[in-house]
Amino acid sequence: MNAEANRLARRLKGLGVGPDTLVAVCLERGPDMVVGLLAVLKAGGAYVPLDPEYPLDRLAFMLEDTAVPVVVTQESLRDRLPGTGAVVVSVDGAADAAAVARQSAADLPSEASGDDLAYVIYTSGSTGRPKGVGVPRSALTNLLIGLRDRLSITPDDRLLSVTTIMFDISNLELYAPLVAGARVVLAGREQARDPLALAALLTEQRVTVMQATPSVWQMLVDELPDEAAGLHVLTGGEALPLDLAERLTRRVGRVTNLYGPTETTIWSLAADVASGARAVTIGEPIANTELFVMDRFARLAPVGVPGELWIGGAGVARGYLNRPELTAERFVRHPFSKDPEARVYRTGDLVRRLADGTVEYLGRIDYQVKVRGHRIELGEVELALVRHDAMESVVVVVREDTPGAKRLVAYCVTGRDAEQPDVSALRAWCARCLPEYMVPSAFVFLDRMPLTGNKKVDRKALPAPEGDRPDLGEEYAAPRTPAERVVARVWSDVLGVDRVGAHDNFFELGGDSILSIQVIARARRFGLNLTPPMMFRHLTVAELAGHAAPDTGTRAPGLPATGVVTPTAYQRALLDDISYHGAPGTTARLIAAPELDVEALRQALAAVIGHHEALRLRPEIRCGERQLLITADHASAHLDHHDLTDRTEEAGRAAMEAACRTLRAGLDPAEGPLLRGAVFDIGERGVRHLLLVAHRLAVDEESWPILLTDLDLAYQARSAGKDVVLPLKSTPFTAWAACIADAGAAPSATSRVHTHAEWAPSGTPAHGTEEERRARLTEVALDALKSAVRDWGEGPAEVGLAVNGRERPFDGMDLTRTVGCLLRPVGDGDERPAVVLTVAQPSGPPPAGLGEEVRLHQQEEYFSAPVGVRVHPVDVTAVLQDGSLSFELAYATDTYTEGSIEALAQRLRSRVTELLDETAGADPKTVSADSFPLAGLDEAGLASVLERFSKK
């Protein structure tokens, strides 16, 4: 990197670049971008960053205002730059690349001083045109060295750079790691817009430090991987909400809140945020920075009294390029310095100094605003709009009608004889000269502006935008496919627009880059995987849905799938084994839901039953064979409502438990539907609970998270008076069941034997992750069962491990959102193992929207396989519950005797106890071949593996 920067710097010097020479840099994010910026600095010049996505008019203004003699760019971006007569150096052009390659790679002697400019970055301007802030090299150096020490950046760190170079905080991301000998990880433009991609980068690149605005952290915090527990989060550019600060401190190792305007070189104050903090401050000044809280008479305000923040010291910029009047207005003489040339910057921010010396941010004293971390002068947006021929007057404000969702709203009054333009035309008008983040999200047309008694616009009286679909250039067309309905619903929820049509444009409806991230996150709940490139390339509902889910079909909503399916071996066992008739054949969830609306829930439950065909299965005999019929009956749902408020809370709970037993015992699959519910109001306070009961024919334990998510989404929609739109379905249960329809005849009579061994949490990975606990349980159970079967007197028998159909789907099948009993025999025909182990695991909690799950006293733990269902000669189910590892052995009575199975159970229990004792007594840092029973290693093989890892 250094060598390439040196070569390019010499090429630039040959073109006349030296101290204070401005050089435009327009490069895509990547190594060439960093090389280009460093080359300008090494040549002694100052760079002017240009974003190729900015409007052509704005790029032309910046090039004209700076009068740059040289532009550094690449071939793919040449056409995006207006012609100015400047020399263009294309880093990947054949001629320029050859000229650069001929230069020396040695370091250059510096001809620039600390007073010379390092860069000029443009910010929004209140006069209607952006202003360039000139930052000297000494200010940038002070910032980098000061924050290197303040943030404790060491050569071991890896900092993830996500910010565009048009935003001055990018300089910290690019240079602070380099001056500390650390590593910079560059996120691409599309990666920087995608929370999942950023989360993956954090893990893949072992990132230790990341900087982003609170708006970005709001989108990313829930996607942070477990590996982010040691991450140092830097956040700034806008106020850090207290709730976000608390969420971040719970997920990462350290959170630092930063504050500073571009005019004082990126950041001027820093504060580490403690977990459980009652307030978030902007902290104390960084190295060589002075702070003054001044009242309206330009006197120091006492501690605790609000005033305007003035900043002095080494970070103060030179001023605004070609704007001496504005520079004199904002960069004023230092009130407490004897140096007549010393200046302080008037930030326009209202703050107060606290007793502990930290500073609290209170707001602005003018109309400058921060939206998604971008500084915006509302006057610039207003002037851009009022230049439209139809406009008589315009007022632009920032609204936050939904907490945490700031957006620009333009209020427009058209001329008396002018025709009101549509929103699409106004957005296009703004986009000619304003970057995306400065284009208003909503346009409200008024007959006249509300005025105060002083005849000024009364901004507080401006109405909130209504949720109606704006007047677009495109006529409304209803979404047609399931994917289009999902996209339209997600856009409606995120943008607050009641009705979204198939041909509506996301950005014309008020969308922006940050809202697109919300769309991507919310779409995942609906089974639709979107990416930032999709959002920016496929702008309408129909285009985006067609690209993201081209094969979802056009079946109208409300028409459920019907047909006949042959029952699987597990379903036949559930129907034929009398042990599973009544309550044992059901699975249930009890949820405390105090705010539940019963009628909205009833409609939501009906929608979920109509959505998942497995819930509409009915067993019947056809031509002497048992079959499962999928009915179309879903218009109404079975939902009882029990008012138990006339009893004590204890008596009410007892009555609820009794009703739960009755409902479970009475769930007859022949009558359907296979998912039913009951709502209970208990005690004088009317505490509300929801019971959901499903038959195991249709619902295995891994189906519950899907059902509860869908029920939550359907309930939210009905509660809001909206049509229900449910997530896209994956492969139907019927298609999966058809692949194993030849699973053999129903098994013979079954009997059962139980045994258990004490589970020793202190000697096992019980304090690790749930995945580690599950893996260890499986290893112990399978190793113990194989050992017990080897010593069993019934002769050699193969042992298999059962796997849910979702974990090993058939080719071409996606079962991630398939509801059904997706359990299948292990092996095929004669190759089927005689003894099969199933490891039962509790399922996850319900979605937060429904409520908290409550344990049913009469119900066993919820497991990922129906305990005891037998489709092999011997089915062994392992259950971890209350510190005990239990086993249920279900066996064919026509093949094995009870005494034989008892002997197997005794051997299994003994072997499990031995394994757990060995684990509990072992040094946790000591491993042997027995520590990895599934790996098939002997001690020599394990030693070889460990030796290879130790070398790495």
Under 3.5 Å donor-acceptor, [X] side chain and [Y] backbone:
{"X": "S337", "Y": "H334", "answer": "no"}
{"X": "N142", "Y": "A139", "answer": "no"}
{"X": "E238", "Y": "S215", "answer": "yes"}
{"X": "T249", "Y": "A245", "answer": "yes"}
{"X": "T347", "Y": "L309", "answer": "yes"}
{"X": "R318", "Y": "P136", "answer": "no"}
{"X": "R158", "Y": "Q205", "answer": "yes"}
{"X": "D493", "Y": "V490", "answer": "no"}
{"X": "N257", "Y": "T281", "answer": "yes"}
{"X": "S138", "Y": "G114", "answer": "yes"}

With a 4.0 Å cut-off, would you call [X] and [Y] a salt bridge?
{"X": "R189", "Y": "D51", "result": "yes"}
{"X": "R524", "Y": "E223", "result": "yes"}
{"X": "K460", "Y": "D458", "result": "no"}
{"X": "E308", "Y": "R346", "result": "yes"}
{"X": "E380", "Y": "R58", "result": "yes"}

Under a 3.5 Å cutoff, is there a donor and acceptor pairing between the side chains of [X] and [Y]?
{"X": "D65", "Y": "Y122", "value": "yes"}
{"X": "R29", "Y": "S161", "value": "yes"}
{"X": "S124", "Y": "E377", "value": "no"}
{"X": "D272", "Y": "T256", "value": "yes"}

Problem - Over-ring placement of R299 relative to F292, 6.0 Å and 45° cut-offs - result: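 Checked: cation-pi criterion not met.
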
Practice task
Using the test side chain to side chain contact (heavy atoms under 4.5 Å, CB included), find all partners of T141 that sit at least two apart in sequence or belong to another chain.
Solution key: I145

Handout entry: R183 CZ: over 12 foreign heavy atoms closer than 6.0 Å
Key = no

Problem - With E173, the side chain to side chain contact (heavy atoms under 4.5 Å, CB included) member among V162, V184, V185 - result: V162

Exercise for the section: Identify the heavy atoms of V209 and L231 that sit nearest to each other, and give their distance. Expected result: N-CD1, 3.7 Å

Exercise for the section: List the atom of D116, the atom of P19, and the distance in Å for their closest heavy-atom pair. Expected result: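 D116 and P19 have their closest heavy atoms at OD2-CB, 3.5 Å.
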
Problem - Non-neighbouring partners of R137 that pass salt bridge (Lys or Arg N to Asp or Glu O under 4.0 Å), sequence neighbours left out - result: none

Handout entry: Reported SG-to-CE distance for the pair C26 and M33, which is rounded to 0.5 angstrom
Key =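 Result: 11.5 Å between the selected atoms.
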
Practice task
Report the relative orientation of the aromatic rings in F331 and Y320; use parallel for angles under 30°, tilted for 30 to 60°, perpendicular for over 60°.
Solution key: perpendicular

Handout entry: For D222, the option from R525, R522, R250, R247 that meets salt bridge (charged side-chain N to carboxylate O under 4.0 Å, His left out)
Key = R247

